[in-house]
Every structure is written in structure tokens, then in C-alpha cells.
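The block underneath contains the structure these notes are about, expressed in C-alpha cells.
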Amino acid sequence: MARANDEAADLIQELADLLSITGGDAFKIRAYEKAARAIAGHPDDISGLDLAGLRKIPTVGEAIAKKVLDYTTTGTIRQVEELRTQIPAGVRALTAIPTLGPKKALALYEELGVSSVDELSTAIREGRLRGLKGFGPKTEENILHGIELLRSSGERVLVDAAAGVADEIVAALSALPEVERCEHAGSLRRMRETIGDVDVLAASRDPRPVMAAFTALPLVAEVIASGEKKTSIRTAKGLQVDLRVVPPESWGAALQYFTGSQAHNIRTREIAVKAGLKLSEYGLFHAESNELIVSGTEEEVYERLGLPWIHPALREDTGEIEAALADELPRLVTVEDLRGDLHSHTDLTDGIASLEDMVAAAHARGLEYYAITDHAPNLFMQRMTDEKMLAQRRRVAELQAEYPGMTLLHGTELNIDPDGGVDWDADFLSGFDICVASVHSHFTQDRDAMTRRLVRACENPHVHVIGHPTARSIGRRSPVDADWDEVFRCAARTGTAMEVDSFPDRLDLPADLIRRAKRYGVKFSVDTDAHSVGHHRNIRYGVGTAQRGWLTPDDVVNTWPLDRLRAFLRKT
DNA sequence: GCCGTTTTCGGCCCGACTGTTTTCAGTCG
């Protein structure tokens, strides 16, 4: 299933976790963690690499290269196997409980023999933590609360749910007279596909009333921690929100810091240290004199480190620092770059808005072209027929007269059957301006069959876009298993675009596969897949995902002028 | 364990909050 890179990275990360429990050297642990990230983010498949090839990966030295080679030859890493015999998997699982880290997990295991979350729960109920050094009544209470949280809703939320909470808080705090600026930061600003907690940053000279207003917001269910500079709350739905208040002159440094990622910040701080500087959320300082150099804007902070400003969507330490140093950062695609949307539905199939309303919504977005792509007949529950489709085409042509500034395209979303065929024959398909083709069934085919299926769809001269290619549903359905390198090679060769579907529970292709596909020269279509007027707003999540995949406007066919797009749709 | 236009040894990002500890360790981001 997973790529060798991901499996090797997981094993190295597990090694780091196990060592942190057994009390290994903290710097060695960090070295493993860094290497795990580097291996997961390495563009080439590691399974074919020898020792020298592995050592070319940054942060992978002799020792880690040998461990990875151990994995690629034997399927596991000997040291990990050995540590697993000392530390049961359940002990590592204990560190998933908030407020419980590796030190406390080890104490619980050694002193009480606790080796699972369930056993810990029992031990607390039986009062066995009383008198254990470092475990007071408050700690006990926090652990119980943490276990409950883990079991109920400790999971990450979809990006739109987090954005809704963030928007509400930013609006409320921005209205306070004490607040000069307020924005969300963290993984939401980086547009990660799921969000663990929401980070909000405010600039103020008077934090106390800001904190008070924050904890008094109606969405607050619980105050987790509360101080002068930082306050954390949890909403009724279990989402944690951290508010940081900084002096206005620290805004840029603070925004940079709280946007993360942690891995990106480590890199920027290392660059600062090497230049005799020190970077914190309060600014960039001379290391010795502690004299402030810059802190007002992110641009100033990056510039003083010798870097161009780096887009938040790239800040994952997966090559953006190197690209920035070489002045090779991509000019990322934006919502404003999009001239069209190539995937949408109406109430003729499973949409809930009329053709007229959907077109009006597209026009309100300022689009130059817009494709209606209702479902084809093989998705039987939609009850599509040739006659209905042709009637819709006539209605689209009539409607076109009302929108002289926007070109309407009549299309369809085909179903890729288990063999890679689609709903209609070539003759009928040639009547459409555009055909999206997607997997809607038989999700569990094996890798070979699924690869053949997607390749055959790409090779169909009437298929222009592969819709939501992995067919995943975040938190509900896994991505289909395919040899993506094979699929992307074929897509590039045949001039078939891969969709980036903007639905918050799809975001499909995901960012990592986008980057892989781009390496083969694949083009992309960033679409809403809108089934209602309101879904048009989801486009920001699709664009965020495209940005995390390092896409430029030229990579995205629906940023192109219509004549260039039409040439692409001819698949010649 | 990794790494090197100040180093092949001696560093490795930085700060806030909590709880239990009377001066600081653990956890988190």
C-alpha cells in the first residue's frame, strides 16, 4: 500500500519515539525525526537506492542509511524490533494522551506495569497512581480528561470546520478596541487538509481584556490554559483553539513563528543561528547583544535571513528552504488566477441547485468559462438518460445568450467502470465540450487492476480530466490503491489533466501526489465539484491544496485563456 | 545521529504554561 519511503519514515519515527521513552539522547532522537521527514518527503523511491544513494538524502548519514537499507532488504529495522520487545506498543500509545509524554509513560510502565490506555484508565480508578512521584491529583485528573478526549473527539477536523471557527474568533477579536491586528496562523494558514487545533494571533498592547473576551466567547466550552501571552480553549465540538497575544511591533516575527510548521521554523532558526542571530516570536535579534533587528513583517524577517518570503502553504521543510536559497520558489497559483471551473453539478442529477442558479453563482465568481458536468447514466441512482442530457445541452445554449462575458461549456462526469471504460460511445462523447471521468465504485480493486483502469481512462481521447483521482473521503474512505507513477506517466503522455477537487473531505489529488504528478509534467484542473451554490466557496481549499503541491498557474489548465484550454481539450 | 566559508568535535530552535519540585521538569507547539 504505502510507498517504501513512507514505511521507512514511519519506522525511523517509531525508533525516535521508542528512544524518547527509554531515555535516549535527545539530539539523537531529533536526528531520527529529521531524517524521517526527509525520507517521507524525498521525491525518488528509496527502494532502489544503495547506501551511497541513501546518504545523498539530506540529514541521512551513515547510521540511518544503514537502517533504511535494513528496511529495504529485510522489510524491517533490527533496532526497532529490539526496542519493541522492551517497550510494548501500548506504552508508545500512551503518549497520544494529551499532557502525557514519554517520561510519564515510562514511569507508568516501570512503576505500575501499565502498558495500554485501558490499563492506565483502570490503574487510575483503583487509585494506584497515588504517591507515584511526579503524579499529583491534578496530573491524575488531566490524564483522565485526556483519555476521555482521545476516545471521543480527539481527532483532527476538516479544514472548513476549522476555518469556520477561526473566522468567527478573528471577527470577534478584531472588533475589540485593544486589538490592532488579528489573524489565524498555524496549520490552517498553511492549508493543511485536516486541522488538529486552531491558532489565532492578535497584536495588542493590553492583552488582559483580549484574553478575557476570548474566554468569554459563546463557542468556548472549556478553558485549558490561561496566561498573559497565551490562552487555550476547547470548543463544544472538541476543537482546541490557542490564542497568542503579542505587542504590535512583533507582528511579523510572531506570525512567522505561529504559522509554522515546526520543522520549517527549526530550519529558519538554524539559518539565524549560523548568521549570529536569534529568531523568536518577538523578532530577529543579534545573538550576543540581544539587539532587535527586525520583527514588523514576515517579509523583513525572511529578507534579513537571506530568503525571499515563503508562502505559508510551502512551509513544511520539504524543500522550500533549499528552493528559497536558490531563488527557485514557484509562483503559486491563486484563487484569482482561475478563469474557469470545469466540474459542477445541477439538480438534473445530485446537485441541489438549478442550472440557472449554478451558472449565476459562477458568474458572480467572475469566471470567464464554466462547465456543467452532471453525472452520466452508469451512476444509476442519478437516472440520467441521453434525452435528458441533450435537453440540458439545449438549455445551456439558450442560457449562454444571457452571459456574454462568460462561456458555458456543456460537459459530463463519466463513471470509470472496473475495466476502465466509460458510459457512452465515442460518437455521443464527442458532443460534449468537456468530459471529467471519475471512479465512483469498485474502490477496493487491487493495485494492478486499478492502475489499468485509470490508465485506460486516460487513454480515452474523449476523457479530459480524471475527477478526484484517489476517490478518498478524508476520515471515511481510504484512497484507492494504484501505481500512481504509472498513472501520472500516462496522464502526461495523453494530455489528461488530474483534478484537484476542492471538497473539504476530498481534496483530491492530495498535495503529495500533486507534487509527484507534476514531476511527470502532468497538468491539473482545480475545481469545486459544486453541488450547490454555496459549494463555490470551497475553491479556496482546492487552491490551498494545489499550493501545497507547488503548482504554478501554468500547471493548472483552468487558469489558461479559453482558446488555450480548448486546444488542450482536443488531446492532440 | 548529523554536520562543518569560524569546527572531524562540539554543538544541535526557542519559549509558554502547568504542576509539584522550594528552583525546575515535563509537555506542547
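In what follows, chains carry the letters A, B, and so on, assigned in the order in which the sequence lines appear, proteins first and then strands, with residues in each chain numbered from 1.
- In this structure, A:Y32 atom OH and B:dC2 atom P are separated by 7 Å, rounded to whole Å.
- Positionally, the nearest nucleotide of DNA chain B for A:K278 lies more toward the 5' end than for the other of A:K278 and A:T139.
- Distance CG (A:L284) to C1' (B:dC14): 13 Å, rounded to an integer number of Å.
- In this structure, B:dC3 forms a base pair with B:dG10, meeting either the Watson-Crick or the G-U wobble geometry with both donor-acceptor distances under 3.5 Å.
- Between the CZ atom of A:R267 and the P atom of B:dC12 there is a distance of 16 Å, given to the nearest Å.
- A:I224 has its CD1 atom 14 Å from the P atom of B:dC17, to the nearest Å.
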Practice task
Determine, stepwise, if the pair A:T215 / A:M211 fulfils side chain to side chain contact (heavy atoms under 4.5 Å, CB included).
Solution key: CA-CA 6 Å; A:T215 55; A:M211 296 303 188; 5.7 Å; no
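- At a threshold of 4.0 Å, the pair A:R234-A:E148 does not count as salt-bridged, since none of the basic side-chain nitrogens sits closer than that to a carboxylate oxygen.
- For B:dT8 and B:dG1, the C1' atoms lie 14 Å apart once the distance is rounded to whole Å.
- Comparing the C1' positions of B:dT7 and B:dC2 gives a spacing of 14 Å, expressed to the nearest Å.
- Separation of the P atoms belonging to B:dG11 and B:dA16 is 25 Å when rounded to the nearest angstrom.
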Problem - Under 4.0 Å protein heavy-atom contacts per nucleotide of nucleotides 24-29 of chain B, with B for base, S for backbone only and - for none - result: --SSSB
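- For the atom pair CZ of A:R78 and CG of A:L83, the computed distance is 10.5 Å after rounding to the nearest 0.5 Å.
- Atom CD of A:E288 is separated from atom C1' of B:dT6 by 13 Å (rounded to the nearest Å).
- The CG atom of A:L132 sits 13 Å away from the C1' atom of B:dT20 (whole-angstrom rounding).
- Rounded to whole Å, the C1' atom of B:dC17 lies 32 Å from the corresponding atom of B:dG10.
- Checking B:dG15, B:dT20, B:dC17 against every side-chain atom of A:S280, the shortest atom distance belongs to B:dG15.
- A:E62 has a carboxylate O that lies under 4.0 Å from a charged side-chain N of A:K66, or vice versa, which qualifies the two as a salt bridge.
- Rounding to whole angstrom units, CG of residue A:L19 and C1' of B:dG1 are separated by 10 Å.
- Taking each heavy atom of A:L239 and A:G196 in turn, the nearest pair found is CD1-O, 3.8 Å.
- Residues satisfying the side chain to side chain contact (heavy atoms under 4.5 Å, CB included) test with A:K278, not counting sequence neighbours, are A:F285, A:N290.
- DNA chain B is contacted by both A:P58 and A:L277; A:P58 maps to the nucleotide lying nearer its 5′ end (nearest heavy atom per residue).
- A:E228 and A:R208 are joined by a salt bridge, as a carboxylate oxygen and a charged side-chain nitrogen come within less than 4.0 angstrom of each other.
- Of the P atoms belonging to B:dG15 and B:dT20, the separation is 26 Å, rounded to the nearest Å.
- Using a 4.0 Å heavy-atom cutoff across all strands shown, A:R244 reaches sugar-phosphate atoms only and no base atom.
- Residue contacts shown for A:S232 are absent, as no nucleic acid heavy atom lies under 4.0 Å away.
- The listed nucleotides are B:dG1, B:dT20, B:dC17; the one nearest the side chain of A:A225 is B:dC17.
- Whole-Å rounding puts the A:I271 CD1 to B:dC12 P distance at 16 Å.
- Under the 4.0 Å criterion applied to side-chain N and carboxylate O atoms, A:R84 and A:E14 are assigned as salt-bridge partners.
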